[in-house]
K.L.:
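To start, I am sharing the structure in question, which I have written as structure tokens.
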Amino acid sequence: MLNWNDYRYLLAVEMTGSLAAAARRLGVSQPTVGRRLTVLSDDLGVALVDMFSDGARLSEAGRRVCEQARVLEQQAALVELAAREAQGKDATRIRLAASEGLAHVVLVGMLAEFQAIYPHIHVDLISGTRLSDLRHSEADMAVRLGDPSDENLVGRAVGQIEYGLYAHGRYLDRGDPIRSPDDLNRHAIIESIGEIFNLPQARMLRSMAPRARVAFSSNSSLNQIDAMQAGFGILSLPNYRARGMDGVRRILPNAFGVVNDVWLLYRPSAKDQAGLRALTDFFSDRLPKRLRAVQAPGEGA
């Protein structure tokens, strides 16, 4: 008889990409993960995981099994939440941290879908870019851009965001044409400060235009977008944010190319929270599709 508990090991390998990382996520030893996967493969009669020098990858059979196992895991979370409600306990609360742009364009709508499925899980959405909100227990989960570079957090990459250089026509029409990166030095840029100072797209704009005039600075991406639309100057912006903005034009599309991975992250100590598992599974399944959709040609911000 198959043991549902063994599917947790397969899902953990799919999420983390290695037996060692899966073991850390589940709070068990690496040999335990390997043994349980072997038992599950033998019970099902198919090889579920292929081992490589840089980690573990699911076989085609493993991917198909994981698709169904995620459904079962979500149902198990619902059972736990229903039991919580029956005991008269308060609704589960999860603090989710994300950048302003992702929160504004992508996550708020998705959280409405999540709430419809899990009405007893309340998500507090916290805007910001710091990983310290996870390390210091200011948030339970984060959707973050770029390599998290923190061994104390676990999670997975769920998609990518592409960036370009943009400015409004009311700015571009009154200045010199921009035909090469060096032309940027005769223009004005919108600078990133504070916690967004070292984001890759901000660093690249700075490096391409070291002599450009800084016309506006902010630690808020929403303020920066307002400044760009007001005609202050040139801004590095996610391509999906610029689509649909009236009067905004892309600059040097072949010279400026920044791509950031999008990660779901949380602390290992939170792995057993039913509400967090439900939100993680929901985002793991739907966020990659949503990120592709908002970056599809013709889609507005």
Side-chain angles (χ1 to χ4, degrees), residues 95-112 123-136 138-149 159-172 184 187-210 212-251 256 258-265 287 290-291 294-295 299-301:
R95 295 162 299 172
L96 172 66
S99 66
E100 284 182 316
L102 280 175
H104 178 65
V105 177
V106 178
L107 298 183
V108 171
M110 294 187 67
L111 288 175
V123 179
D124 297 327
L125 183 56
I126 305 165
S127 293
T129 60
R130 297 174 299 124
L131 281 178
S132 59
D133 47 26
L134 280 176
R135 299 188 194 105
H136 299 156
E138 297 168 15
D140 303 303
M141 180 179 174
V143 181
R144 287 288 176 247
L145 298 176
D147 185 354
S149 302
Q160 292 183 322
I161 296 293
E162 299 175 357
Y163 294 77
L165 291 181
Y166 293 90
H168 198 279
R170 63 171 55 94
Y171 169 80
L172 293 172
L184 294 173
H187 280 266
I189 64 171
I190 296 172
E191 177 64 290
S192 301
I193 59 175
E195 62 186 28
I196 64 174
F197 178 80
N198 281 316
L199 293 179
Q201 64 272 21
R203 294 200 308 268
M204 187 166 184
L205 174 57
R206 215 173 287 127
S207 68
M208 288 179 66
R213 179 175 64 87
V214 175
F216 183 89
S217 302
S218 180
N219 67 338
S220 163
S221 64
L222 298 182
N223 289 342
Q224 289 180 317
I225 290 173
D226 287 344
M228 178 196 65
Q229 292 180 304
F232 272 90
I234 299 165
L235 174 65
S236 57
L237 186 68
N239 293 337
Y240 74 86
R241 299 296 306 276
R243 290 192 176 99
M245 288 185 180
D246 291 338
V248 173
R249 305 177 198 164
R250 188 168 183 181
I251 302 163
F256 187 95
V258 174
V259 178
N260 271 334
D261 290 328
V262 180
W263 284 78
L264 293 179
L265 297 168
L287 189 51
R290 179 59 182 157
L291 290 171
V294 299
Q295 297 182 96
E299 172 108 3

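The first residue in the sequence is number 1, and the count goes up from there.
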K.L.:
For Leu291 and Gly159, which heavy atoms make the closest approach, and how far apart are they?
P.N.:
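Leu291 and Gly159 have their closest heavy atoms at CD1-CA, 3.9 Å.
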K.L.:
If I compare all heavy atoms of Val108 with all of Ala103, which pair ends up nearest, and what's the gap?
P.N.:
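Distance-wise, the nearest heavy atoms are CG2-O, 3.0 Å.
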K.L.:
State, to 0.1 Å, how close Ile193 and Ser217 come at their nearest heavy-atom pair, and which atoms those are.
P.N.:
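Shortest heavy-atom separation between Ile193 and Ser217 comes out as CG2-CB, 3.9 Å.
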K.L.:
Using the side-chain contact (heavy atoms from CB on, under 4.5 Å) rule, take Met204 and Ser236 through it: C-alpha gap first, then chi angles, then the decisive distance, then the call.
P.N.:
CA-CA 9 Å; Met204 187 166 184; Ser236 57; over 6 Å; no
K.L.:
Let me confirm one number: the CD1-CZ distance from Ile225 to Arg241, rounded to the nearest 0.5 Å.
P.N.:
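Nearest 0.5 Å value for the CD1-CZ distance: 3.5 Å.
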K.L.:
May I have the step-by-step check of salt bridge (charged side-chain N to carboxylate O under 4.0 Å, His left out) for Asp140 and Arg95, ending in yes or no?
P.N.:
CA-CA 5 Å; Asp140 303 303; Arg95 295 162 299 172; 2.9 Å; yes
K.L.:
Just wondering, do Ile190 and Val214 contact through their side chains at under 4.5 Å, heavy atoms?
P.N.:
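They are not in side-chain contact.
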K.L.:
What do the steps show when you test Arg250 against Asn239 for side-chain contact (heavy atoms from CB on, under 4.5 Å), and what is the final call?
P.N.:
CA-CA 9 Å; Arg250 188 168 183 181; Asn239 293 337; 3.7 Å; yes
K.L.:
Would a distance-only check, ignoring hydrogens and angles, find a side-chain to backbone donor-acceptor pair under 3.5 Å from Arg144 to Trp263?
P.N.:
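Not a single qualifying donor-acceptor pair exists.
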K.L.:
If I take atom CD1 from residue Ile189 and atom CD1 from residue Ile234, how far apart are they, to the nearest 0.5 angstrom?
P.N.:
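One finds 8.0 Å between CD1 of Ile189 and CD1 of Ile234.
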K.L.:
Output the distance between atom CD (Glu100) and atom OG (Ser221), rounded to the nearest 0.5 Å.
P.N.:
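If I round to the nearest 0.5 Å, the distance is 4.0 Å.
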K.L.:
Hey, could you give me the CG/CG distance between Leu165 and Leu235, rounded to the nearest 0.5 Å?
P.N.:
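Taking CG in Leu165 and CG in Leu235, the distance rounds to 8.5 Å.
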K.L.:
Does Asn260 offer a backbone N or O that forms a donor-acceptor pair with the side chain of Gln160 under 3.5 Å?
P.N.:
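No: the side chain of Gln160 does not pair with the backbone of Asn260.
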K.L.:
Against the six-membered ring of Phe197, is Arg206 placed for a cation-pi contact (under 6.0 Å from the centre, within 45° of the normal)?
P.N.:
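Geometry flag: set, cation within 6.0 Å and 45°.
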K.L.:
Measure the shortest side-chain to side-chain distance between Glu191 and Phe216 over non-hydrogen atoms and say whether it is less than 4.5 angstrom.
P.N.:
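The answer is no, as the side chains (C-beta and beyond) never meet within the 4.5 Å cut-off.
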K.L.:
Any donor and acceptor pair, going by atom type alone, linking the side chain of Gln295 with main-chain N or O of Glu162 inside 3.5 Å?
P.N.:
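Judged by distance alone, yes, a pair lies under 3.5 Å.
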K.L.:
Could you check if a side-chain atom of Leu265 sits within less than 4.5 angstrom of a side-chain atom of Met141, using non-hydrogen atoms only?
P.N.:
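They are not in side-chain contact.
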K.L.:
Any idea which heavy atoms bring Ala98 and Leu125 closest together, and the distance?
P.N.:
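Looks like CB-CD1, 4.4 Å.
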K.L.:
Between OG of Ser99 and CG of Leu222, what distance do you get to the nearest 0.5 Å?
P.N.:
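Answer rounded to 0.5 Å: 9.5 Å.
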K.L.:
State whether the side chain of Tyr171 and the backbone N or O of Ala188 hold a donor-acceptor pair below 3.5 Å, judged by distance alone.
P.N.:
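Yes; judged by distance alone, with no hydrogens or angles, the pair exists.
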K.L.:
Assess whether side-chain contact (heavy atoms from CB on, under 4.5 Å) is satisfied between Arg213 and His187, documenting all intermediate values.
P.N.:
CA-CA 6 Å; Arg213 179 175 64 87; His187 280 266; over 6 Å; no
K.L.:
Distance check, rounded to the nearest 0.5 Å: Tyr240 atom OH versus Arg290 atom CZ?
P.N.:
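Taking OH in Tyr240 and CZ in Arg290, the distance rounds to 9.5 Å.
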K.L.:
Answer yes or no: is there a donor N or O on one side and an acceptor on the other, between the side chain of Gln201 and the main chain of Pro238, under 3.5 Å?
P.N.:
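The answer is no, because no donor-acceptor pair under 3.5 Å joins these two groups.
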K.L.:
Minimum heavy-atom separation for Phe256 to Leu205, with atom names?
P.N.:
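For Phe256 versus Leu205, the nearest heavy atoms are CE1-N, 3.8 Å.
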K.L.:
Please walk me through it: do His168 and Phe232 pass ring-ring contact (aromatic ring centres under 6.0 Å, His included)?
P.N.:
CA-CA 8 Å; His168 198 279; Phe232 272 90; over 10 Å; no
K.L.:
Go through the steps to decide whether Leu96 and Val143 satisfy the test side-chain contact (heavy atoms from CB on, under 4.5 Å), and finish with yes or no.
P.N.:
CA-CA 8 Å; Leu96 172 66; Val143 181; 4.0 Å; yes
K.L.:
Please find the pair of heavy atoms, one from Ala139 and one from Ile126, that lie closest to each other, and give the distance.
P.N.:
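Closest heavy-atom pair between Ala139 and Ile126: CB-CD1, 4.4 Å.
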